[in-house]
Amino acid sequence: MIKVITYGTFDLFHQGHIKLLERAKALGDYLIVGVTTEHFDEARGKVNVIDSCLERVDNVRKTGLADEIIIEDHIDQKMEDIQKYGIDIFTVGSDWEGTFDYLKTLCKVVYLERTPNISSTMLRKNHFKIVRTGIIGTGRIAPRFVAEGKYVSGMNIVSAYNPEKESGSRFEKKYEIPVCNDDYELFLEGVDAVYIASPNETHYEYAKAAIAAGKHVLCENPVALKKKDTMQLFSLAREHGVVLLEGIKTAYCPGFQQLINTARGGKIGELRDIEACFTRLADIGSRERTDRFFGGAFLEYAAYTLLPIFKLYGTNYQDISIHSIYDENGIDVYTKIELVYKHGLATAKCGVGVKTEGQLVIAGTQGYILAESPWWLTRKYQIRYENPNEIETYEPKFQGDGLRYEMSEFVAKINGIDKNGYLLTEDEILAIAEITERYLEQKQEQTGK
Ligand code: CTP
């Protein structure tokens, strides 16, 4: 018996898919069809798939051509499957010509002529249009956004804005993305959405003007330095029918949500203490160490460290205290936030001039979760118990530097797909904004800056 295998997303099932499956079937006696999961497609940058995995499986099943349907959920699975199912022929459409030649050591590889003039992408275009995105601020994070953008379908980075001519033109030369220096409104005219990665204190004004011009906004944390301004931006976004997403990257990393659900799942019992720490020694000449108003550890990292606390305990804490160590310029090189809840305690620690173990520890009545640095990307975490030999290790999937996940979510939201709102809620953002405002007031009192 000749066994054949083929894979695909099979979104918006069309003639090209049917023709491929017919010919794949004709290559042998038994056809296995691998259908991708949503997670796998997301990780590959296919964020705008419309049909759910089950609908796509169902459409393949209805053709009656597949003898067996399997799920494809990770990148190197094809090699595993070929061995596992004793496959003789691997086949896909000619758009993949050459890509899977490495499988020839395991079985025969056949590229079938692609059916012209039809694709899921074409059909999706009737549903979604490409989001033309402009980057505001061409500093350290902008190049990462450009690099990660290559993995996010549905988004085109078309321009950038930076009032500082010199750094703008350096960026323009290096990344071949036109940078506008003066006319912000003109810059906005050429885009559907903006990514704000400028200095912290400028976020609010840029976001407000972009929203007012009907543009979607993905803004690095914090979107504003005051709670009322943050609220105002969200209601303005609702009023104008645009998406406002705050870029706390961790919230969108798939492993982070898994970790949170593990903690909620009861394996470590009732949660009693959370300690989240994020430190990175910043260069002495860097903005973090020189901007006496908006540099420092809190504004850099507090949102990340507060996030797991709010996710697990909620935002109704009973008490809060914030302690900072300032350098001679009044910049907080280290800040510790302590929160008291009815049934649990929490500490968030951040540093730009003090180094310590950057870990997340969630302590419960039966055991604890330990996620070591960089827990904010959540590539790995462990459950540990009283018995030191009893350790459960989790290694969730993670791609690139993590920015692609928030970018994908942004594009999905713009396209009206709003199933992931729970990843970072407005309530959580406002709670972070409230603490930020409190911190800035306290800093003003303590340092006069
Ligand atoms: N296929 C084909 N002819 C087409 C479209 C797809 O033969 N006109 C084949 C692909 O080469 C692949 C299989 O069908 O082997 C599943 O493809 P999939 O990626 O799911 O479909 P596309 O329409 O190519 O999807 P997209 O536009 O999202 O890439």
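When a ligand or atom number is given, it counts from 1 through the structure's own listing order.
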Chemist: In this structure, which one of T99, D101, D95 forms a side chain to side chain donor-acceptor pair (under 3.5 Å) with Y111?
Modeler: D101
Chemist: Just to confirm my output: which protein heavy-atom neighbour is closest to atom 26 (P) of ligand 1, and how far is it?
Modeler: T121 OG1, 3.2 Å
Chemist: Where is the nearest protein heavy atom to atom 19 (O) of ligand 1: which residue, which atom, and how far?
Modeler: K46 NZ, 3.5 Å
Chemist: Just jot down the side-chain contact (heavy atoms from CB on, under 4.5 Å) partners of K108, sequence neighbours excluded, or say none.
Modeler: I89, V110
Chemist: Can you tell me if CD on E372 sees more than 12 non-hydrogen neighbours from other groups inside 6.0 Å?
Modeler: no
Chemist: Counting heavy atoms only, which of R114, H17, E113 is nearest atom 4 (C) of ligand 1?
Modeler: R114
Chemist: Which protein non-hydrogen atom lies closest to atom 23 (O) of ligand 1, naming both residue and atom, and how far is it?
Modeler: S120 N, 2.6 Å
Chemist: What donor-acceptor contacts under 3.5 angstrom involve side-chain atoms of residues 247-260, with partners at least two apart or in another chain?
Modeler:
residue, atom, partner, partner atom, Å
K249, NZ, D401, O, 3.1
T250, OG1, W376, O, 2.9

Chemist: Suppose we measure from atom 8 (N) of ligand 1 to each protein heavy atom; which comes out shortest, and what is that distance?
Modeler: I118 O, 2.6 Å
Chemist: Looking at ligand 1, is there an atom of it that comes within less than 4.0 Å of some heavy atom belonging to H14?
Modeler: yes
Chemist: Say whether, by atom type as modelled, one donor and one acceptor occur between the side chain of D291 and the main chain of R287 under 3.5 angstrom.
Modeler: no
Chemist: Within 45 degrees of the axis of the six-membered ring of F90 and under 6.0 Å from its centre: does K78 put its NZ or CZ there?
Modeler: no
Chemist: Quick one: nearest non-hydrogen protein atom to atom 15 (O) of ligand 1, plus distance?
Modeler: G93 N, 2.9 Å
Chemist: Return the option from L112, N117, D41, D95 holding the heavy atom at the smallest distance from atom 10 (C) of ligand 1.
Modeler: D95
Chemist: Going by the atom numbers of ligand 1, which of them fall below 4.0 Å from some non-hydrogen atom of R124?
Modeler: 26 (P), 28 (O)
Chemist: State which residue, out of F298, F294, Y301, fulfils the ring-ring contact (aromatic ring centres under 6.0 Å, His included) condition with Y439.
Modeler: F298
